[in-house]
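One structure is given here, and the rest of the page talks about it.
Residue numbers run from 1 in the order of the sequence given.
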Amino acid sequence: MRSKEDTKKNINTRLNRIEGQLKGIKKMIESENHCDEILNQIASVKGALNGISKIILENHLKNCVVTGIKAGNDNEIIDSLIYTLDKMLK
């Protein structure tokens with residue numbers, strides 16, 4: 001299992017890459033690149049964001065959810081998780 005600092009570093013690296021991709025998309029639009037090229041880059045960004053979401057969700061489940069359930073806050077934690085998952089899946 002990764003340490004908290006390794007996870008943060010991994011997420012920050014991914015976010016920096018996504019930031020670069022977004023800047024690239026902006027330049028592509030300004031340069032009037034082909035729509036399919038722009039859409040492919042957008043799909044890449046979406047995939048990268050989904051990867052970050054997976055990492056954060058995994059950590060949330062392993063830490064926050066487990067801790068909350070052990071503390072006896074089962075219903076509150078489950079309701080919060082359902083709300084979060086609903087927002088993620090829209």
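I69 CD1 to C64 SG: the interatomic distance, rounded to the nearest 0.5 Å, is 11.5 Å. In this structure, T67 OG1 and H60 NE2 are separated by 10.0 Å, a value rounded to the nearest 0.5 Å.
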Identify each donor-acceptor pair in which a side-chain atom of residues 20-34 lies under 3.5 Å from a protein atom, sequence neighbours left out, and give them as a table.
from	atom 1	to	atom 2	distance (Å)
S31	OG	K27	O	2.9
N33	ND2	E37	OE1	3.1

N/O donor to acceptor pairs below 3.5 angstrom from side-chain atoms of residues 38-51, sequence neighbours left out:
from	atom 1	to	atom 2	distance (Å)
N40	ND2	D36	O	3.1
S44	OG	N40	O	3.2
N50	ND2	K46	O	3.4

Which side-chain N or O atoms in residues 5-16 pair as donor and acceptor under 3.5 Å with protein atoms at least two apart or in another chain?
from	atom 1	to	atom 2	distance (Å)
D6	OD2	S3	OG	3.4
T7	OG1	S3	O	3.1
N10	OD1	R14	NE	3.0
N12	ND2	K8	O	3.3
T13	OG1	K9	O	2.9
N16	ND2	N12	O	3.3

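Residue pairs meeting the side-chain hydrogen bond (donor to acceptor under 3.5 Å, both in side chains) criterion with at least one partner in residues 70-90, sequence neighbours excluded, do not occur; the list is empty.
Partners of E58 under the side chain to side chain donor-acceptor pair (under 3.5 Å) rule, at least two apart in sequence or in another chain, are K62. Partners of R17 under the side chain to side chain donor-acceptor pair (under 3.5 Å) rule, at least two apart in sequence or in another chain, do not exist in this structure. Taking L57 as the reference, L61, L81, L85, M88 meet the side-chain contact (heavy atoms from CB on, under 4.5 Å) condition, with sequence neighbours excluded.
The side-chain heavy atoms of I18 and I52, taken from C-beta on, include a pair separated by under 4.5 Å.
Other members of the hydrophobic cluster containing I82, listed by chain and number, are I78; membership follows side-chain contacts under 4.5 Å among ILVMFWY residues, whether direct or relayed.
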